[in-house]
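Numbers restart at 1 for each chain; the letters A, B, ... are given by sequence-line order, proteins then strands.
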Amino acid sequence: MLRIHNSLTGRKEVFRPIEDGHVGLYVCGMTVYDYCHLGHARAMVVFDVVQRYLRALGYRVTYVRNITDIDDKIIARADELGESMGVVTRRFTEAMYEDADAMGCRRPDREPRATANVDAMQALIQRLIDAGYAYVSEHGDVYFAVARFPDYGQLSGERLSDLREGARVESGEGKTDAADFALWKAAKPGEPSWPSPWGEGRPGWHIECSAMATNELGERFDIHGGGLDLKFPHHENEIAQSEAACGHGWVNYWLHNGHVRIDGEKMAKSLGNFFTVRDILAQYPAEVVRYFLVASHYRGPLNYTLEALANARSSLERFYRALRGLPWGEPSGGEAEAARFHEAMQDDFNTPEALAVLFDLAREVNRQREAGDERTAAGLAARLRELGGLLGLLGDDPERFLKSGTGASGLDDPTVEAMVAERTQARKDREFERADALRDQLQAAGIILEDGPEGTSWRRV
RNA sequence: GGCUAGGUGGCAGAGUGGUGAUGCGGCGGCCUGCAAAGCCGUUCUACGUCGGUUCGAAUCCGGCCCUAGCCUCCA
C-alpha cells in the first residue's frame with residue numbers, strides 16, 4: 001500500500017489511482033534557456049525515482065514532463081546570444097537530455113513543448129473567458145480573475161486578502177485585481193507571437209502546464225509534481241485555471257521536492273550560487289551525484305557540500321566493494337530486507353530509509369563471504385543490485401566503479417597493474433620493504449591496495 | 001506582514017508514544033608480514049525552548065525562539 005505526502009492536504013495519504021493499474025503523472029519541466037543546475041537535477045532524479053517505483057509496483061505509468069520553450073527569459077537569452085529562439089531552446093533541450101541521461105533518468109513518456117501546444121492553450125483561455133473567469137484588458141492581455149475562483153489558495157494556504165496586502169504583488173497593467181495573473185500576453189514589437197482572438201501575443205506561463213497536462217492526461221489525473229518553488233504561484237494558478245475551466249477537481253495528489261541549498265541558502269540563478277550538472281559531472285561520476293540526491297528525503301532541503309558528495313562516493317564504494325568479485329546472478333535470500341525496502345519506499349518514497357536497508361544487506365553479503373559461503377553471498381549481492389536498481393543505482397560494474405576514482409591519479413591502469421604485480425612478487429620474495437615502498441608510491445598516486453585471499457585488488461580514491 | 005516547511009548524536013541523515021535506523025568519523029578486537037578492506041564490539045546524557053496531556057514523549061497538543069523557502073522569474 002503506497003502512501004504519499006499530498007501537499008494539497010499536507011498529510012500522507014494512501015495512493016489510489018483514478019484508473020485501476022494506471023497512473024497519470026505530470027511534472028513541470030525546464031525552461032530551456034540555460035544548462036541544468038543541481039536543483040533541476042534533483043527534480044529530475046526525484047521524479048525519476050517516483051516513476052520507477054510506481055512501475056515497480058506494477059502500475060502502468062504515463063509520465064509527462066513539459067518543456068517550456070517560449071518565455072521572457074528565452075527571448076532575452078536569444079537576444080543576448082544573437083541567435084533565434086529555436087536555436088537556443090534546441091541547444092539547451094539537448095543539453096538537458098545529456099545531463100538527465102547521464103544521471104540515469106528514464107525519459108518521460110510524453111514531453112510536450114509549449115510552442116507546439118499554443119492551440120490548446122488558446123482553447124483553454126477562451127473557455128475561461130466564456131465562463132466568466134477571465135477578461136481581456138485594453139492592451140490585449142488576458143487575465144485570470146482570481147476573485148471569481150472561490151477555492152483560490154487551496155494549495156498554498158495563501159489568502160487573497162493577504163496577497164493583495166503583500167508588498168510584492170504588482171498592480172496596474174490593465175488588471176482589475178492586483179492578484180490576477182496573465183493567461184495571454186500581448187506581443188511587444190519584435191517579440192515572437194502567435195495570432196489569437198485577442199490579438200498577436202503569447203501564452204502566459206501557468207496556462208502552459210494546465211493546457212498540456214490536461215491535453216495529455218485528461219481533466220482529472222493522479223499526480224502533479226514539481227519543485228517547491230513552483231507551489232505558489234505556479235501550481236496554485238494551474239489549479240485555478242484548470243478547475244475553473246472543467247468545473248471540477250483536477251489533480252488528486254501534489255508532490256513537491258525540496259530545494260538544493262548551498263551554505264544554507266537556496267541554490268538559485270539569481271543568487272549566482274548554482275553549480276551546473278555538467279560541471280559537477282566533470283568531477284564526480286554521475287552515480288555519485290544521483291546517490292547524493294537520493295540519500296535524503298525528497299521533501300526536505302538538501303545541502304550541497306563537497307563533504308556530502310564525498311560521503312555519497314564512499315557509500316557507493318561500500319556497496320560496490322560488497323558486490324565486487326561476486327557473480328551476477330539471480331537474487332536469492334534477503335527477503336526480509338526486500339520487504340523492509342519496499343515498506344520504506346511505500347512510505348512516501350523514503351529513499352534514505354531504503355538505503356539503510358541496502359547497507360544492512362551489504363553487511364550480510366560481507367558476512368556470508370567472510371564465512372566462506374560465496375553462493376549465499378552472491379544471491380544476496382544480486383538482491384542488493386536488484387533493489388538498488390529500483391533507485392537507479394548499483395548498475396555499474398564494481399571493478400569499473402572502484403577503479404574510476406574522482407580525478408586523474410596520474411597512473412593509467414596498465415601501469416598500476418604492473419606495479420601491483422611487482423609488489424606481489426616482492427611479497428612472495430618476502431621483500432616487504434620493497435613491497436611497502438611500491439604500495440606507498442601507489443597510495444601517493446591515489447591508488448589503494450587491498451590484499452585478499454585471491455590476490456590484490458585496487459581502487460582509486 | 002501573510003503563507004509553507006524544518007530544528008535529531010562529532011558530521012550527514014531516517015524514524016518512532018515505551019528494546020538508542022543507516023553511513024562517515026573515533027576507539028578496541030579478529031584478520032593481515034604490515035596495511036587496506038571486511039567482520040565483531042564500542043564510544044557519543046541525540047532529539048531547539050518552555051509548558052501541557054500520558055503510567056511513560058524526542059515522538060501528541062499549545063506558546064516561544066531559530067533557520068530556510070514562497071508571496072516577482074525559478075526545479
Side-chain angles (χ1 to χ4, degrees), chain A residues 7 10 27-31 33-34 36-47 65 68 71-73 76 153 155-159 161-170 179 205 225-234 236 256-261 264-271 274 292 295-297 299-303 305 307-308 310-319 321-322 324 340 344 347 350-360 362-363 365-371 402 427 430-433 435-436 439-440 443 448-453 456-459:
Chain A
S7 344
V27 176
C28 287
M30 280 188 73
T31 301
Y33 73 107
D34 207 342
C36 304
H37 67 242
L38 199 54
H40 298 108
R42 185 175 196 197
M44 291 193 286
V45 168
V46 161
F47 288 103
R65 186 179 63 198
T68 296
D71 167 89
D72 290 349
K73 286 177 303 229
L155 178 66
S156 61
E158 299 279 359
R159 276 186 303 266
S161 53
D162 295 334
L163 290 173
R164 293 200 185 96
E165 284 165 20
R168 298 208 245 173
V169 176
E170 280 175 46
W205 178 38
L228 191 57
D229 46 357
L230 299 182
K231 196 173 175 186
F232 189 88
H234 185 52
E236 192 69 73
H256 291 97
N257 65 275
H259 297 303
V260 175
R261 292 184 189 172
E265 276 188 316
K266 176 185 170 184
M267 182 179 288
K269 294 208 66 159
S270 54
L271 293 168
F274 61 92
F292 163 68
S296 59
H297 188 83
R299 275 191 287 123
L302 206 189
N303 218 37
T305 60
E307 291 73 28
N311 207 302
R313 190 183 153 73
S314 42
S315 297
L316 278 172
E317 281 177 357
R318 179 161 167 83
F319 286 127
R321 273 195 301 257
R324 186 178 221 176
R340 282 205 289 141
D347 182 15
N350 193 337
T351 51
E353 180 74 30
L355 287 173
V357 177
L358 261 33
F359 280 111
D360 288 343
R363 175 178 297 110
V365 170
N366 289 332
R367 268 193 200 130
Q368 293 302 328
R369 201 209 301 255
E370 194 146 290
L402 292 168
R427 291 179 70 213
R430 315 277 310 166
E431 290 178 34
F432 294 124
E433 242 172 72
D436 290 351
R439 185 173 61 197
D440 291 346
Q443 190 165 11
I448 303 291
L449 301 188
E450 292 171 16
D451 297 331
T456 299
S457 55
W458 59 274
R459 63 190 161 90

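- C30(B) and G23(B) have their P atoms separated by 23 Å, with the value rounded to a whole Å.
- Going from the C1' atom of U54(B) to that of G18(B) covers 12 Å, rounded to whole Å.
- Atom-to-atom, CD1 of Ile448(A) to P of U32(B) comes out at 21 Å; the value is rounded to the nearest Å.
- Note on Val357(A): nothing from the nucleic acid sits closer than 4.0 angstrom, heavy atoms only.
- Nucleotide G69(B) holds its C1' atom 12 Å from the CD atom of Glu158(A), rounded to whole Å.
- Contact annotation for Gly39(A): base contact, defined as any heavy-atom pair under 4.0 Å involving a base atom.
- With a cut-off of 3.5 Å on both pairing distances, the Watson-Crick or G-U wobble partner of C3(B) is G69(B).
- Nearest nucleotide to the side chain of Asn311(A), out of A75(B), A14(B), G23(B): G23(B).
- As rounded to whole Å, 5 Å separates atom C1' of U4(B) from atom NZ of Lys231(A).
- Counting non-hydrogen atoms under 4.0 angstrom, Met267(A) reaches a base of the nucleic acid.
- Taking atom CD of Gln368(A) as the reference point, atom P of C39(B) lies 12 Å away to the nearest angstrom.
- A donor-acceptor pair shorter than 3.5 Å cannot be found between the side chains of Asp71(A) and Thr31(A).
- Between the CZ atom of Arg367(A) and the C1' atom of A37(B) there is a distance of 16 Å, given to the nearest Å.
- Residue Asn350(A) has a polar side-chain atom (N or O) positioned under 4.0 Å from OP1 or OP2 of G15(B).
- Remark: the separation of the C1' atoms in G20(B) and A14(B) is 13 Å, to the nearest Å.
- Under a 3.5 Å cut-off, the side chain of Thr305(A) and the backbone N or O of Ala308(A) do form a donor-acceptor pair.
- Across all strands shown, Arg459(A) has heavy atoms under 4.0 Å from sugar-phosphate atoms exclusively, and none from any base.
- Among the heavy atoms of the strands lying under 4.0 Å from Asn366(A) are primed sugar atoms or P, OP1, OP2 only; no base atom is included.
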Report task. Might you work through the side chain to side chain contact (heavy atoms under 4.5 Å, CB included) test for Phe292(A) and Leu38(A), ending with a clear yes or no? Result -> CA-CA 11 Å; Phe292(A) 163 68; Leu38(A) 199 54; 3.9 Å; yes
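- The side chain of Arg427(A) sits closest to G33(B) out of G33(B), U22(B), A14(B).
- Taking atom C1' on both C64(B) and C70(B), the two are 23 Å apart, rounded to the nearest angstrom.
- Contact annotation for Arg369(A): no contact, since no heavy-atom pair falls under 4.0 Å across all strands.
- Remark: the separation of the C1' atoms in C44(B) and U4(B) is 34 Å, to the nearest Å.
- Residue Arg318(A) has a polar side-chain atom (N or O) positioned under 4.0 Å from OP1 or OP2 of G38(B).
- The phosphate of G69(B) (OP1 or OP2) has no side-chain N or O of Arg261(A) nearer than 4.0 angstrom.
- Taking every side-chain heavy atom of His259(A) into account, G69(B) is the closest of G69(B), U22(B), G33(B).
- Proximity of Arg363(A) to the phosphate of C40(B): a side-chain N or O atom is located under 4.0 Å from OP1 or OP2.
- The residue Asp451(A) sits close to a base: some heavy atom pair falls under 4.0 Å.
- When distances are taken from the side chain of Ser315(A) to each of A35(B), G23(B), C71(B), the shortest belongs to G23(B).
- A salt bridge links Glu450(A) with Arg459(A): the closest approach of a Lys/Arg side-chain nitrogen to an acidic carboxylate oxygen falls below 4.0 angstrom.
- Across the protein-nucleic acid pair, Leu155(A) atom CG and C70(B) atom P stand 15 Å apart, rounded to whole Å.
- Spacing of C1' atoms, A37(B) relative to C24(B), comes out at 15 Å, to the nearest Å.
- Between Phe232(A) and Arg321(A), the residue anchored nearer the 5' end of RNA chain B, judged by the nucleotide with its closest heavy atom, is Arg321(A).
- Contact annotation: Lys266(A) reaches the phosphate of C70(B) (side-chain N/O to OP1 or OP2, under 4.0 Å).
- G26(B) sits 37 Å from C66(B) when the P atoms are compared, rounded to a whole Å.
- Residue His37(A) is classed as a base contact, given a heavy-atom separation below 4.0 Å to a base.
- Between the P atom of G6(B) and the CZ atom of Arg299(A) lies a distance of 6 Å, rounded to the nearest Å.
- When the P atom of A75(B) is taken as reference, atom CG of Asn257(A) falls 11 Å away, rounded to whole Å.
- Projected onto RNA chain B by closest heavy-atom contact, Gly258(A) and Ser296(A) fall at different nucleotides, the more 5' of which corresponds to Ser296(A).
- For the C1' atoms, the distance from U43(B) to G2(B) is 47 Å, rounded to whole Å.
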**Report entry** Stepwise side chain to side chain contact (heavy atoms under 4.5 Å, CB included) test for Arg261(A) and Leu302(A)
**Finding:** CA-CA 6 Å; Arg261(A) 292 184 189 172; Leu302(A) 206 189; over 6 Å; no
